[in-house]
Amino acid sequence: MSTPFFSIIMPVYNKEEFVSRAIESVLAQDFTSFELIIVVDKSTDLSLEGVLKFNDIRIRVFTRDTPGAGGYAARNLGIQESQANWIAFLDADDIWTQNHLYELHKEIHSSHYSLDMVVMGYKSDKGKGCSLDFGDRVLRQQEVLSLFSQRDFIHTNCFAVNRKNILSCGGFPDGRARQGGDADTWLRLVLEGQYFRINKLITSFYFSLDGGVISSKKNMSGFHPIYETVRSLLNGKKGDIDSNRIQALLKKISNRKNISWMLHKRVARYFKFSDLACIYFEVLGPKDISKILLLLLPRVLLAKML
């Protein structure tokens, strides 16, 4: 088989009920130059059997003996084993539309710039998601950081990234975070790149499942992992990070993620007022302050608002 254009990485842990649906959505893609790397962490159900029933030369299966939080270690193994210059991810309980890879490929080849990342629109089964319209133009790093300081616009399933960039940024934070590691990875990827495309077309769907590592509030100890990344970057300033504007954006991103983190910890009874030590107060805006004040509300009332 010739070198594929995309390497698709799918971590699997206790997803027997859903993994076939996810794999089928990959194999049904209009754009067919890909390899599907499936990394199965040792499960307590028949996830591995569900994966092995597929017979396609584009599928490569790896197994790990120890489950890893958030699938971070499994994704990192898939990245190391990947052969393509472009990497995409799909969680084992989610799906792509048939044109997902086609649209990503079209964006990569239609640009006059050497793109570092392409992001498509996404939606959840509960109607949440993100679909942004920037027209037919490429965004620079600072524009993307500014957007990230205002909202989440990347989901694991919705983007493709240059392989060299995800290797350079260190991949997913295996061993450093049990939750929040995806957003931390997106930030480090943005800092590795220069040129980005965001396409409003919705081509991926994720399903909000209860239970497991990602949904457990017990894993929201300490600060959001983005705080440690930003603090490290600011303490070891180099290159563009010396810019006052970039520093301010990094602080705003850290604040946004940590305030949201604390609100959910408050509902789950894990919040302490000492957690406010992670906030960069000098860049707080009115919306940030109003959200911090929500920490004073009774937990039951706050839970209804989130």
Are [Y] and [X] connected into the same hydrophobic cluster when the rule is that any two of I, L, V, M, F, W, Y join if their side-chain heavy atoms are below 4.5 Å apart?
X	Y	value
V230	F281	no
L293	V283	no
F54	L101	yes
V39	L46	no
F153	I166	yes

Enter the distance from [X]:[atom1] to [Y]:[atom2] here, rounded to the nearest 0.5 Å.
X	Y	atom1	atom2	result
Q98	L27	CD	CG	11.5 Å
F148	K252	CZ	NZ	15.0 Å
I38	T63	CD1	OG1	12.0 Å
I59	L36	CD1	CG	5.0 Å
Q247	L145	CD	CG	12.5 Å

- Item | F89 ring center near F172 ring center (under 6.0 Å) | yes
- Item | W186 and F159 aromatic centres sub-6.0 Å | yes
Heavy-atom donor-acceptor pair, [X] side chain to [Y] backbone, under 3.5 Å:
X	Y	value
E81	N76	no
D275	K272	yes
S131	K200	yes
S149	S146	yes
S43	D45	no
E107	N199	no
S47	K15	yes
S290	K287	yes
N258	I279	no
K257	P225	no

- Task: State which residue, out of Y102, F6, W86, fulfils the ring pair (Phe, Tyr, Trp, His ring centres under 6.0 Å) condition with F31.
- Result: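 The passing option is F6.
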- Check the pair L191 / T229 against side chain to side chain contact (heavy atoms under 4.5 Å, CB included), numbers first and verdict last. CA-CA 11 Å; L191 291 170; T229 294; 5.5 Å; no
- Item | More than 12 heavy atoms from other groups under 6.0 Å of CZ on R269 | no
- Message: Other residues, nucleotides and ligands only: do more than 12 of their heavy atoms fall within 6.0 Å of CD on E17?
- Response: no
- Task: Any pair with a residue in residues 24-34 that passes salt bridge (Lys or Arg N to Asp or Glu O under 4.0 Å), sequence neighbours left out, goes on the list, sorted by first then second residue, please.
- Result: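 Sorted result for residues 24-34: empty, none.
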- Is any NZ, NE, NH1 or NH2 atom of the basic residue among R75 and D91 found under 4.0 Å from an Asp or Glu carboxylate oxygen of the other?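 Here R75 pairs with D91 in a salt bridge, since their nearest N and O are under 4.0 Å apart.
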- Item | W96: ring-ring contact (aromatic ring centres under 6.0 Å, His included) partners, not counting sequence neighbours | H100
- Message: Could you work out, with ring-ring contact (aromatic ring centres under 6.0 Å, His included) as the rule, every residue matching H112, not counting sequence neighbours?
- Response: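 Counting only residues at least two positions away or on another chain, H112 forms no ring-ring contact (aromatic ring centres under 6.0 Å, His included).
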Note, [X] side chain near [Y] side chain (heavy atom, < 4.5 Å):
X	Y	answer
L201	N99	yes
W261	I226	no
P173	R188	yes
L297	M305	yes
R231	Y280	yes
V190	Q141	yes
Y72	D182	yes
L147	I198	yes

- Residues in salt bridge (Lys or Arg N to Asp or Glu O under 4.0 Å) contact with D174, at least two apart in sequence or another chain: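 D174 satisfies salt bridge (Lys or Arg N to Asp or Glu O under 4.0 Å) with no other residue.
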- Tell me, please, which residues at least two apart from R176 pass salt bridge (Lys or Arg N to Asp or Glu O under 4.0 Å).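 D184.
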- Task: Show your working on side-chain hydrogen bond (donor to acceptor under 3.5 Å, both in side chains) between N14 and T44 and close with a plain yes or no.
- Result: CA-CA 6 Å; N14 283 351; T44 58; 3.2 Å; yes
- Message: Set out, in order, the CA-CA distance, both residues' side-chain angles and the distance that settles side chain to side chain contact (heavy atoms under 4.5 Å, CB included) for Q150 and L249, then state yes or no.
- Response: CA-CA 10 Å; Q150 301 167 46; L249 288 173; over 6 Å; no
- Task: Report yes or no: do S82 and R163 form a side-chain donor-acceptor pair below 3.5 Å?
- Result: yes
- Query: F18 and I95: side chain to side chain contact (heavy atoms under 4.5 Å, CB included), yes or no, with the steps?
  - Reply: CA-CA 10 Å; F18 310 103; I95 60 172; over 6 Å; no
- Can R64 and D41 be said to form a salt bridge (charged side-chain N to carboxylate O under 4.0 Å, His left out), step by step? CA-CA 5 Å; R64 291 179 0 100; D41 281 356; 2.6 Å; yes
- Step-by-step side chain to side chain contact (heavy atoms under 4.5 Å, CB included) determination, L104 to T203: CA-CA 10 Å; L104 288 172; T203 60; over 6 Å; no
- Task: Report yes or no: is the cationic atom of R21 (NZ for Lys, CZ for Arg) under 6.0 Å from the centre of the six-membered ring of F207, at an angle within 45° of the ring normal?
- Result: yes
- Query: Going by the angle between their ring planes, with limits at 30° and 60°, are H105 and H109 parallel, tilted or perpendicular?
  - Reply: tilted
Donor-acceptor pairs under 3.5 angstrom involving side-chain atoms of residues 113-122: please list them, not counting sequence neighbours.
unit_1	atom_1	unit_2	atom_2	d
D116	OD1	N165	ND2	3.0
D116	OD2	Q194	N	2.7
D116	OD2	Y195	N	3.0

